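Below you'll find the structure, written out as structure tokens, and then a few comments.
Everything numeric in this text was worked out from a predicted model, so none of it was measured.
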Amino acid sequence: MARTTLGSAARLRAAAATLLLLPAVLWAQPALEQADVRTRFQAGQTALQAGRFAQAETEFRAALDSEPGLSEARVNLGLALFLQGKYEQSVDELEQAARALPDLPAAHLFLGLGHLKLGASDQAIAALSRSLELDPANLEAHRALAACHLAKGDYASAVQEFQAAFSHSPDRTEAWYLLGRDYMGLMSDLAGRLVVEQPDSVWAARLGADMLALSEAWEAAANYYATAVAKRSDLPGLHSALGSARLRLGQLGEAAASFEDELRTDPRSEEALLGLAEISLARGDAASALERVAAVWDSFPQWLGSQPAFESGAIAPESAAKLLQSLGHSEAGPAAFLAWALSATAGDAATAAAARARFERAVQAAPIRSGGVSEAVALCADHLYSACARALVSRPSMTRAELLLLGRAYLALGQHERAVIAFTHAMRGTDEPQPEAVYWTVGTLRSLADLCFEQVEKLAPQSWRVHQLRAEAHRQRQADEQAIAEYLRAIELKPDAAELHRSLGLIYLLNNAYDEAEQALEKALDLDGANPRSLYVTGRLFVARQQHPEAIPYLETALQLDPNLVEARPSLGRAYLRVGRAEEAAAQLEQALILDYYGDIHYSLFQAHRRLGNMERARQALAKSTEMRKRSFARDRTKFERWIKSE
């Protein structure tokens with residue numbers, strides 16, 4: 001289920017093209033044989049560089065027929081086979097080559113990639129680890145190793161490999177972008193996992209509410225938060241989240257009640273106190289607002305320093321200006337925070353900048369509260385997060401609950417990278433679902449991705465990557481017209497980026513603009529015809545057009561090139577079903593059930609088994625589909641699927 005960007009076919013071709021030259025040892029061979037081997041080898045390399053992989057295979061095999069011990073030719077033969085999707089043959093050749101050339105990083109790299117494609121994660125990890133011993137800066141090896149760890153459910157190790165690839169990348173803008181995409185891909189996979197494995201849990205409801213809030217679907221978000229509260233009213237932060245959604249809806253009384261409910265559970269809740277401060281300001285009561293902000297300041301001034309200005313729209317700009325006058329000028333942290341937030345709401349940029357500077361000076365001067373000797377749970381409950389984290393990491397080992405507590409402490413301190421490691425470690429060592437750990441990991445990965453993308457905008461504000469990021473943000477929020485406009489701007493700046501044309505084609509496809517989708521996808525395939533994702537999305541287009549015979553070759557080729565591209569299997573299963581190949585359809589759909597968030601795949605599986613006469617299995621699939629379609633995630637699928645499904 002897990003996805004990561006292992007590199008396009010074009011990038012793998014480039015890696016293959018730079019590997020080997022004909023070794024000098026051949027010049028000692030007899031003249032005729034020497035010339036023939038040299039010609040075959042060079043012809044194979046030329047074909048490999050040009051993307052003519054079948055011809056390259058032929059030439060390298062001919063060279064090996066003349067000189068079976070020419071391991072360099074065997075490496076390149078393995079590459080040619082790999083790039084044709086002939087992974088079993090590729091692995092056979094590369095295993096021989098890696099034994100003969102144990103210090104050649106590329107042999108181990110492509111051997112590991114071949115094992116990964118075949119689902120042999122342990123063998124892949126061994127080969128890729130050897131490749132990285134020889135070439136620690138190889139980005140493809142790090143990213144492939146991350147994919148191996150994901151296949152084994154080891155999210156902590158995968159994150160560490162993503163970060164290692166980032167640290168070795170020479171292009172910092174691209175490195176930040178790819179790291180953010182890796183975090184987003186992992187976030188999407190884990191969110192889908194939570195929906196599939198624990199759809200009725202409080203954590204799935206809370207995650208659904210978070211996704212709706214990110215899409216600014218506040219009424220639906222409030223409903224999901226209320227559902228979560230009904231399941232577990234004692235969870236920290238849940239009442240505050242409901243209060244924030246209600247505040248966005250202008251429901252001040254209901255929002256205040258939710259924030260007060262939070263304070264009954266956690267009297268120091270910064271989110272609840274700040275929410276009540278905003279409500280006080282919306283009601284014209286600056287004194288009460290200042291009292292609430294002062295309570296936050298006394299508890300955790302550094303947290304207050306990381307908060308944005310009031311964004312709910314509950315405070316009118318003209319009201320903000322009047323409230324600002326009543327506050328006066330003060331260097332104290334709480335008053336400076338309110339002065340900055342109200343100035344920003346009033347649209348007074350100069351006053352806001354001056355107040356912000358005063359506030360930041362106050363934050364820098366504020367001491368960090370420290371607790372006495374106490375248990376970590378008590379320290380965290382008292383919002384002494386630094387002391388809580390120190391107490392936890394000083395232990396020789398931690399329970400799952402302690403890892404979750406540590407992750408939440410790091411989150412409160414703004415240390416997202418440490419938080420995600422703690423949360424992913426909490427998912428280790430068990431096959432049982434860990435919905436709480438998954439929930440916190442998803443939120444932390446989203447925050448990390450946002451931080452990465454902010455760096456991209458900072459380093460290259462006019463780049464095509466920035467327009468791509470904006471397009472993807474619009475797409476997730478279903479603002480598709482704006483997304484299309486941003487993709488087109490990105491394409492103007494980077495017309496040879498196949499991924500842009502593919503993403504544009506996908507968004508046209510999702511909007512039933514099939515002719516436009518076809519044009520974009522044709523361009524993507526012109527630029528990178530062996531890219532499995534472009535082939536898959538093109539196959540989806542033909543399925544959407546009810547052109548199932550035409551869809552099948554694209555989808556089959558996509559899965560031949562990347563057997564781990566599970567997303568292609570539902571489309572291929574449905575295409576097989578429509579052309580009467582019910583047994584093959586059932587096989588594809590069975591392998592895709594891990595992606596069935598809404599019951600659709602189970603329903604197609606019901607149809608396949610019914611055609612095959614497997615009535616008991618058909619009944620089971622239909623019952624499961626019916627059960628899944630009754631759930632809230634299925635009812636609100638259009639609000640969620642941009643977050644938990646990628647291309």
Side-chain angles (χ1 to χ4, degrees), residues 6-118 120 123-141 144 529-530 560-563:
L6 288 180
S8 67
R11 275 167 53 197
L12 292 175
R13 283 198 298 272
T18 59
L19 287 179
L20 299 167
L21 297 175
L22 188 64
V25 70
L26 280 183
W27 307 131
Q29 302 299 318
L32 181 61
E33 184 177 70
Q34 175 198 59
D36 180 61
V37 172
R38 182 200 315 163
T39 299
R40 291 292 197 177
F41 189 97
Q42 291 177 340
Q45 284 203 313
T46 299
L48 198 61
Q49 290 172 326
R52 300 191 300 272
F53 306 133
Q55 180 186 345
E57 176 189 351
T58 299
E59 299 294 349
F60 290 128
R61 286 194 186 281
L64 285 166
D65 286 342
S66 298
E67 184 58 55
L70 183 57
S71 298
E72 291 83 352
R74 197 170 300 282
V75 172
N76 284 0
L77 173 59
L79 298 179
L81 292 165
F82 178 91
L83 293 167
Q84 293 178 81
K86 299 178 179 180
Y87 300 120
E88 291 184 0
Q89 296 178 56
S90 173
V91 163
D92 288 342
E93 299 295 340
L94 289 169
E95 282 180 339
Q96 296 180 59
R99 286 193 295 269
L101 299 170
D103 295 330
L104 183 66
H108 298 283
L109 169 62
F110 280 89
L111 176 59
L113 290 172
H115 280 307
L116 177 60
K117 296 289 189 182
L118 294 171
Q123 295 94 316
I125 288 172
L128 293 166
S129 297
R130 176 58 180 161
S131 177
L132 285 169
E133 288 175 10
L134 298 167
D135 182 9
N138 190 293
L139 304 185
E140 294 298 334
Q560 178 191 356
L561 292 170
D562 187 359

Rounded to the nearest 0.5 angstrom, the OG1-CZ distance for Thr58 and Phe53 is 13.5 Å

> Are any non-hydrogen side-chain atoms of Val75 and Phe110 less than 4.5 angstrom apart?
Replying inline: no

CG of Leu111 to CD of Gln123, rounded to nearest 0.5 Å, is 9.5 Å

side-chain hydrogen bond (donor to acceptor under 3.5 Å, both in side chains) filter on Gln560, not counting sequence neighbours, yields none

Sorted by chain and number, sequence neighbours left out, side chain to side chain contact (heavy atoms under 4.5 Å, CB included) with Ala62 holds for Arg40

Taking every heavy atom of Val91 against every heavy atom of Gly114, the minimum-distance pair comes out as CG2-C, 3.8 Å

Residues passing the side chain to side chain contact (heavy atoms under 4.5 Å, CB included) test with Ala56, sequence neighbours excluded, are Ala47, Leu48, Phe60, Ala80

Applied to residues 77-86, the salt bridge (charged side-chain N to carboxylate O under 4.0 Å, His left out) test, sequence neighbours excluded, yields Glu57-Lys86

Residues at least two apart in sequence or cross-chain that pass side chain to side chain contact (heavy atoms under 4.5 Å, CB included) with Leu134, listed by chain then number, are Asp103, Pro105, His108, Arg130

Checking Ser131 side chain against Ala127 main chain: does a donor-acceptor pair fall under 3.5 Å? no

With sequence neighbours left out, the residues meeting side chain to side chain contact (heavy atoms under 4.5 Å, CB included) with Ser90 are Leu81, Phe82, Leu94

Gln96 meets the side-chain hydrogen bond (donor to acceptor under 3.5 Å, both in side chains) criterion, sequence neighbours left out, with none

d(Leu77 CG, Asp92 CG) to nearest 0.5 Å is 10.5 Å

Kindly indicate whether the side chain of Lys117, heavy atoms from C-beta on, has any atom under 4.5 Å from the side chain of Glu88.
no

Determine whether Ser129 and Ile125 make a side-chain contact, defined as any pair of heavy atoms from C-beta on separated by less than 4.5 Å.
yes

**Prompt:** Are side-chain heavy atoms of Leu128 and His115 found at a separation under 4.5 Å?
**Reply:** no

Validation row: Asn76, Glu72 side chains within 4.5 angstrom (heavy atoms): no

The reported gap from CG in Leu132 to CG in Leu139 (rounded to nearest 0.5 angstrom) is 10.0 Å

